[in-house]
Peer 1: 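Before anything else, here's the structure in question.
Sequence positions, counted from 1, serve as the residue numbers for this chain. This structure is a prediction, so every number in the text was calculated from the model and none was measured.
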Amino acid sequence: MQKSSIRRAAMAMAALSATLVMTACQPGDTDSGSDVSSQTPTATASPISSGSTGSSGSTGSTGSSGSTGSTGTSGSTGSTGTSGSTGSTGTSGSTGSTGTSGPAGTAVKTCAAASLKAIAYQAADHPAGTGTGAAIVQFTNTTAKSCVLQGHPTVAGAANGSPELNVPLKVTPTGSASPVKLSPGGQAWLKLTFVQVQGEGDGYCESGSAPVIYPTMVIGLPGAGKHQVALDDGQFAECDGTVTATAVSATRPS
């Protein structure tokens, strides 16, 4: 008896518990009298998902690469300057004979030996002594054409007046040489200064050597031949075999 009562009480409690469970799951269901065992729960249980993985942060967009700067335009190449025209080679002048240019560019030739007349006379300005001291040699152009003389002379004493027996003197040139143009009949001069003979009679030389006397002198000029000259008065007397000579000049020396 007691066991039946306890069983009924237990069953009543189980039924009540079932009712309460159903009531909790279906709050809107008011049919309390329906059989608990026949009721099918209408709520669909969602499967328990694992904890959702957090969305990964979106990958930042790659920044646009900066635009490549445009290559600067290269400067235009300057034009090459026009090269100057090559000057034409000057025509080489023809080799003319020695002399100066005359009218119309015709070269004036050096005076030929045959075109000249030479004379000599004692110079007013000479070293003290009894010898010749100094002499002026004058050249005259005897032709109808102009010619030129230039330079210092060679000098030789002609023994016995014979050119082939001449004795060259040592010449010390003085002054500068320049061309001298002789028109027809024109004249040019040079001066010879000797080492003077001292004393009377035959005289003497200060150097101790013996004086030498020449009846004539042979005067040579560059390109113009040799000319034998005699003094207009007396003979050439000198010491030491030396002479100082000027170049041919258009001006008569004293």
Peer 1: For residues V243 and V167: do they belong to one hydrophobic cluster (side chain heavy atoms under 4.5 Å, members Ile, Leu, Val, Met, Phe, Trp, Tyr)?
Peer 2: yes

Peer 1: For T216 and A230, which heavy atoms make the closest approach, and how far apart are they?
Peer 2: CG2-CB, 3.9 Å

Peer 1: Donor-acceptor check, side chain of N141 to backbone of G186, threshold 3.5 angstrom: yes or no?
Peer 2: no

Peer 1: Is there side-chain contact between P253 and I136, with heavy atoms separated by less than 4.5 Å?
Peer 2: yes

Peer 1: Among residues at least two apart in sequence or on other chains, which ones pass side chain to side chain donor-acceptor pair (under 3.5 Å) with S209?
Peer 2: S207, D240

Peer 1: Would you say V218 and V155 make side-chain contact, with heavy atoms under 4.5 Å?
Peer 2: no

Peer 1: Within this structure, what is the CG-CD1 distance for the pair D202 and I213, rounded to the nearest 0.5 Å?
Peer 2: 6.5 Å

Peer 1: For T154, which residues count as a side chain to side chain donor-acceptor pair (under 3.5 Å) partner, sequence neighbours excluded?
Peer 2: none

Peer 1: If you look at every heavy atom in G151 and P222, which pair is closest and at what distance?
Peer 2: CA-CG, 4.3 Å

Peer 1: When you measure from the side chain of T143 to the backbone N and O of K145, does any donor-acceptor pair fall under 3.5 Å?
Peer 2: yes

Peer 1: Any idea which heavy atoms bring K117 and T142 closest together, and the distance?
Peer 2: CB-CG2, 3.9 Å

Peer 1: Within this structure, what is the OG1-NZ distance for the pair T244 and K191, rounded to the nearest 0.5 Å?
Peer 2: 10.5 Å

Peer 1: Specify the closest pair of heavy atoms between P153 and L192, including all atoms of both residues, with the distance to one decimal.
Peer 2: CG-CD2, 4.4 Å

Peer 1: How long is the straight-line distance from CD of E206 back to CD of Q198, given to the nearest 0.5 Å?
Peer 2: 4.5 Å

Peer 1: Using 0.5 Å steps for rounding, measure from the CD atom of Q138 to the CG atom of L190.
Peer 2: 10.5 Å

Peer 1: Pick from L169, L231, V137: which one makes a side chain to side chain contact (heavy atoms under 4.5 Å, CB included) with M217?
Peer 2: L169

Peer 1: Tell me, which pairs form a ring-ring contact (aromatic ring centres under 6.0 Å, His included) where one or both residues lie in residues 220-254, sequence neighbours left out?
Peer 2: F139-H227

Peer 1: Same cluster for F194 and V171 if Ile/Leu/Val/Met/Phe/Trp/Tyr side chains link at under 4.5 Å?
Peer 2: yes

Peer 1: T110 versus Q150: any side-chain heavy-atom pair under 4.5 Å?
Peer 2: no

Peer 1: With side chains defined as the heavy atoms from C-beta onward, is the minimum distance between Q235 and P215 less than 4.5 Å?
Peer 2: yes

Peer 1: Heavy-atom distance under 4.5 Å between the side chains of L149 and L116, does that happen here?
Peer 2: yes

Peer 1: Just by distance, do the side chain of H152 and the backbone of G175 share a donor-acceptor pair under 3.5 Å?
Peer 2: yes

Peer 1: Pair T193, T174 - check side-chain contact (heavy atoms from CB on, under 4.5 Å), show working.
Peer 2: CA-CA 11 Å; T193 302; T174 182; over 6 Å; no

Peer 1: At their closest point, which heavy atom of A188 faces which heavy atom of V180, and how far apart are they?
Peer 2: CB-CG1, 4.1 Å

Peer 1: Atom CD of E238 and atom OG1 of T132: how far apart are they, to the nearest 0.5 Å?
Peer 2: 8.5 Å

Peer 1: For residues W189 and A250, report the shortest heavy-atom separation together with the two atoms involved.
Peer 2: CZ3-O, 3.3 Å

Peer 1: Any chance you could measure K109, atom NZ, to S146, atom OG, to the nearest 0.5 Å?
Peer 2: 13.0 Å

Peer 1: Should we count CD of E164 as having more than 12 external heavy atoms under 6.0 Å?
Peer 2: yes

